[in-house]
Each structure stands twice: as structure tokens, then as C-alpha cells.
Amino acid sequence: MASMTSRSCPCGLSEPYEKCCGRYHSGAAAPSAEALMRSRYSAFVKGDAGYLLRTWHPRTRPARLDLDPGMRWTGLEVLDTRDGSAFHSTGTVTFRASYRGGALHERSRFERVDGAWVYVDGEFLE
């Protein structure tokens, strides 16, 4: 049997992928800005450009997204969340996403569009 760490979701939570971000990738709506951010990180890990585009705000979404197949994401650390719950229409999530050779530190902005959380844009932090 696989160990819990190999089966846990790429987003860093202990649930298996299928019960965590996998259900959002399959069409369930993420209940919070943080859940959406985690599921987007998992989509980067899995190379799921379709999900990333679907969960990107129409106003800021690129026409296409070319993911680097050589990129190896190694971990996600959520540092701060502001708003972004069922009671909000906007939210921010500050995180550090590690990859082989470095890390990305960003404060991401999220909004609801037709009730669903979407990624708007991000500010890179030092």
C-alpha cells in the first residue's frame, strides 16, 4: 500500500488528490479562494492547462497557456489569506510555491464570477 505522503494531494493538504483538488479539476466548484488557489497549484503540478484557463478571470485570462513540461513543483506553503470565504466576493491568498531551483512568492487576487471563484492576477513579492 502506498504511503500517505505519496497519496496526499500536491497542494499540501493530507487528503488524497481525488478527494481534494481532483474533485475541483473534475468540475466541482472550489468553496473558497484558498481552495481555488490550492487547486490551481495542483493543476500546475499535473500540467492541467485547461483547468487553469477555466478558473482564470475572463478579464485577465491569457488566450493560451503553455506550461513548461520540465518544471518540477515541489511544495506549496499558504502564508496568508484575506476574505475569500463563502461570505465574500473577493479575496487574496499569499503563498510560496517551490520548484526545483527556486520558489515563487505571490499575493494572488480572486473574485467571484457567476458565483464561482476565479483567479484575477497576482503580485510577485520579494
Side-chain angles (χ1 to χ4, degrees):
M1 186 165 150
S3 72
M4 283 307 289
T5 47
S6 67
R7 291 189 57 236
S8 59
C9 192
C11 80
L13 298 179
S14 59
E15 289 283 339
Y17 167 75
E18 294 73 25
K19 289 193 170 116
C20 194
C21 294
R23 56 197 173 124
Y24 308 134
H25 295 172
S26 299
S32 68
E34 181 181 335
L36 181 70
M37 201 279 315
R38 286 180 178 278
S39 72
R40 286 177 55 86
Y41 171 82
S42 291
F44 274 105
V45 171
K46 301 253 180 210
D48 188 345
Y51 179 77
L52 293 165
L53 289 169
R54 281 195 310 278
T55 57
W56 209 309
H57 197 293
R59 190 176 71 236
T60 56
R61 179 190 306 134
R64 51 183 292 198
L65 188 60
D66 296 316
L67 299 179
D68 177 356
M71 186 74 149
R72 291 292 168 258
W73 295 98
T74 56
L76 176 67
E77 195 183 352
V78 173
L79 304 170
D80 186 50
T81 57
R82 303 225 182 254
D83 300 335
S85 78
F87 304 104
H88 302 106
S89 57
T90 63
T92 62
V93 180
T94 304
F95 65 91
R96 185 176 293 109
S98 301
Y99 55 88
R100 193 180 300 143
L104 172 76
H105 187 194
E106 183 179 308
R107 181 180 304 115
S108 294
R109 292 188 322 124
F110 297 88
E111 288 179 15
R112 283 186 191 264
V113 173
D114 297 328
W117 285 107
V118 291
Y119 169 79
V120 178
D121 57 23
E123 172 191 357
F124 294 111
L125 305 170
E126 290 305 311

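Every value quoted in this text rests on a predicted model; they were computed, and no experiment measured them.
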Side-chain (Thr74) to main-chain (Ser98) donor-acceptor, under 3.5 angstrom: yes
Looking at every non-hydrogen atom in both residues, tell me the closest pair between Pro62 and Leu53 and how far apart they are. O-CD2, 3.7 Å
Just do the side-chain contact (heavy atoms from CB on, under 4.5 Å) check on Val118 and Arg54 with the steps written out, would you? CA-CA 8 Å; Val118 291; Arg54 281 195 310 278; over 6 Å; no
Would you say Ser108 and Val120 make side-chain contact, with heavy atoms under 4.5 Å? no
Kindly work out whether a path of hydrophobic side-chain contacts (I/L/V/M/F/W/Y, heavy atoms less than 4.5 Å apart) joins Leu79 to Leu76. no
Test item: Arg107 and Asp80 side chains (from C-beta on) under 4.5 Å apart, heavy atoms: no
Glu106, Glu126, Glu77 screened by salt bridge (Lys or Arg N to Asp or Glu O under 4.0 Å) with Arg96, the one that passes: Glu77
If every non-hydrogen atom of Leu104 is compared with every non-hydrogen atom of Phe124, which pair is closest and at what distance? CD1-CE2, 2.9 Å
Less than 4.5 Å apart, side chain to side chain, heavy atoms only: is that true for Cys21 and Pro10? no
Within 45° cone of Tyr51 ring axis and under 6.0 Å: Lys46 NZ or CZ: no
Lys/Arg cation over aromatic Trp56: Arg40, 6.0 Å, 45° cone: yes
Joint hydrophobic cluster, Val78 plus Tyr119, side-chain heavy atoms closer than 4.5 Å: yes
With the side chain counted from C-beta on, respond yes when Arg109 and Thr90 share a heavy-atom pair under 4.5 Å apart, and no when they do not. no
Beyond-backbone contact of His25 with Tyr17, side-chain heavy atoms, under 4.5 angstrom: yes
Same cluster for Met37 and Trp73 if Ile/Leu/Val/Met/Phe/Trp/Tyr side chains link at under 4.5 Å? yes
A side-chain contact here means heavy atoms from C-beta on lying under 4.5 Å apart; do Thr55 and Trp117 qualify? no
Quick check against the 3.5 Å criterion: does Arg112 have a side-chain atom that pairs as donor or acceptor with the backbone of His88? yes
Apply side-chain contact (heavy atoms from CB on, under 4.5 Å) to residues Glu15 and Arg23 and explain how you reach the verdict. CA-CA 11 Å; Glu15 289 283 339; Arg23 56 197 173 124; over 6 Å; no
Within a strict 4.5 Å, meaning less than it, do heavy atoms of the Pro31 and Tyr24 side chains meet? yes
For the atom pair OG1 (Thr94) and CZ (Arg82), what is the distance rounded to the nearest 0.5 Å? 7.5 Å
Determine whether Phe110 and Val113 fall in the same hydrophobic cluster, where Ile, Leu, Val, Met, Phe, Trp and Tyr are linked whenever their side-chain heavy atoms lie under 4.5 Å apart. no
If you measure from OH on Tyr41 to CG on Leu52, what distance do you get to the nearest 0.5 Å? 12.5 Å
I need the minimum non-hydrogen distance between Ala49 and Leu67, along with the two atoms involved. N-CD1, 3.9 Å
If we ignore hydrogens and angles and just use 3.5 Å, is the side chain of Arg38 paired with the main-chain N or O of Cys11 as donor and acceptor? yes
Spacing of CZ belonging to Phe44 relative to CG belonging to Asp68, to within rounding of 0.5 Å: 11.5 Å
